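Report on the following structure.
Here the structure is a predicted model, which means the values were calculated and not measured. Excluded from the calculations below are hydrogen atoms, water molecules and symmetry mates; all remaining heavy atoms, backbone and side chain alike, are included.
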Amino acid sequence: MKPQPPPVFATEQAFGLFLVSVAALLPGKWTAIPNPHPDHFRDDRSGQLRREDGLTLDATANSYSARGKIVLSYARPRDGKGEYVAVYAGTGADKVENPSIGCNETKTAEQVARDIERRLLADAECVHALVVEQIAKADDYAARHLAALLTIAQAAGMADVPRQYKSNEPRYVVNVTDPRDKAHDPRRWLADVEVRGPDCIHFTLDAKCGQAAALIAFLRSPAYLNA
């Protein structure tokens, strides 16, 4: 196997200083973010370039799959739940991937900045706009979903939404019990209400014949149909 030349950036600090120089040469206001946790078991150097509007580029030098290269790629932000969102370029279109470029790690900071501006920035801005829009939609949906859960929980006599035992995250199933039951006897269970979405509520219940008839009558009443 042909021996590999030593990496240009011998330390994380050296690559971090290089990114500072690149950030100063890009159009707009950028900040270099060196990797705060160097991985001493690998040869690659990593960091980020972040524009004041939040658009962020990952930067890696001499990675295992790209020896002797600097790889720059759009870093997709996460939504309010800490998850990545998928975006598409139109109805029925393929999923949009994060754009990236590679350049020789022997290039100067000015050359790398020009490569970013010429080969990556426009594509990154396009994907970033789609991602930001989708995150806003996802966060709005999550907020309306939680509001629906609170509405159902309060209708069931709860002061707050039900929560997972360990994580304390919202649990989107409300257990409805008989309000006359002060001892929380499971035999007095009336229904489970699963809040699947802001306007998608699923009921699971058992009822006696008379109760079922009363419920059906209510479902057909103006009080329910006009709610």
Side-chain angles (χ1 to χ4, degrees), residues 7 9 12-13 15-39 41-105 107 109 111-147 167 169-170 172 196-198:
F9 303 103
E12 285 278 357
Q13 291 76 13
F15 189 54
L17 291 173
F18 180 80
L19 292 179
V20 170
S21 298
V22 173
L25 294 164
L26 289 170
K29 186 176 181 180
W30 291 76
T31 301
I33 306 172
N35 186 349
H37 303 293
D39 187 343
F41 298 99
R42 294 165 53 188
D43 296 329
D44 64 312
R45 310 301 176 197
S46 59
Q48 290 184 326
L49 295 165
R50 183 170 298 163
R51 201 166 64 181
E52 60 181 344
D53 64 352
L55 188 150
T56 303
L57 304 176
D58 283 329
T60 304
N62 197 47
S63 68
Y64 181 79
S65 60
R67 294 298 190 198
K69 298 285 186 181
I70 297 173
V71 177
L72 299 135
S73 58
Y74 170 66
R76 186 170 303 199
R78 300 172 187 255
D79 63 17
K81 297 169 63 177
E83 299 176 355
Y84 291 112
V85 298
V87 294
Y88 300 85
T91 304
D94 292 335
K95 185 164 63 174
V96 176
E97 302 295 338
N98 295 342
S100 66
I101 62 170
C103 54
N104 198 300
E105 67 176 349
K107 283 191 172 184
Q111 289 173 320
V112 171
R114 297 293 78 79
D115 277 349
I116 292 172
E117 186 176 0
R118 179 171 55 88
R119 299 167 50 204
L120 178 60
L121 197 52
D123 289 341
E125 289 173 337
C126 180
V127 175
H128 186 62
L130 294 173
V131 171
V132 169
E133 179 183 11
Q134 187 60 32
I135 286 176
K137 291 180 180 179
D139 288 346
D140 175 69
Y141 180 88
R144 290 188 293 111
H145 192 183
L146 184 61
S167 67
E169 290 294 315
Y172 286 86
R196 296 179 176 178

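Of all heavy-atom pairs spanning Arg76 and Asn98, the tightest one is NH2-OD1, 2.7 Å. Scanning all heavy atoms of the two residues, the minimum distance from Ala124 to Leu57 falls at CB-CD2, 4.2 Å. For the residue pair Thr56 and Tyr74, the shortest heavy atom distance occurs at O-CD1, 3.6 Å. When every heavy atom of Ala75 is checked against every heavy atom of Gln48, the shortest pair comes out as CB-NE2, 4.2 Å. When all heavy atoms of Val87 and Val131 are compared, the pair lying nearest together is CG1-CA, 3.8 Å. Of all non-hydrogen atoms in Phe15 and Ala61, the two that sit nearest each other are CE1-CB, 3.7 Å.
Counting only heavy atoms from C-beta outward, the side chains of Glu117 and Pro27 approach each other to under 4.5 Å. Contact annotation: the side chain of Asp115 never approaches that of Ile70 to less than 4.5 Å [non-hydrogen atoms, C-beta and beyond]. Using a 4.5 Å heavy-atom cutoff, the side chains of Pro99 and Leu120 are in contact. Two residues are said to be in side-chain contact when any heavy atoms from C-beta on lie closer than 4.5 Å; Cys103 and Ile116 fail this criterion. Two residues are said to be in side-chain contact when any heavy atoms from C-beta on lie closer than 4.5 Å; Leu19 and Trp30 fail this criterion. Leu146 is listed as a side-chain neighbour of Tyr172, based on a closest heavy-atom distance under 4.5 Å. When side chains are defined from C-beta on, Asp123 does not count as touching Ile101, because their heavy atoms never get closer than 4.5 Å.
The backbone N or O of Gly68 lies less than 3.5 Å from a partner atom in the side chain of Asn62, making a donor-acceptor pair. No donor-acceptor distance shorter than 3.5 angstrom exists from the side chain of Arg45 to the backbone of Pro34, with no hydrogens or angles considered.
To the nearest 0.5 angstrom, Lys107 atom NZ is 11.5 Å from Arg114 atom CZ. Separating the NE2 atom in His128 from the CG atom in Leu121 is a distance of 11.0 Å, to the nearest 0.5 Å. In this structure, CD on Glu52 lies 8.5 Å from OG1 on Thr31, to the nearest 0.5 angstrom. Taking CD of Gln134 as the start and CG of Asp79 as the end, the distance is 9.5 Å to the nearest 0.5 Å.
Salt bridge Asp53/Arg51: present, at least one basic N to carboxylate O contact under 4.0 Å.
By the 6.0 Å contact criterion, OH on Tyr84 is open, its count of non-hydrogen atoms from other residues, nucleotides or ligands being 12 or less.
The aromatic rings of Phe18 and Phe9 sit tilted, their planes meeting at an angle between 30° and 60°.
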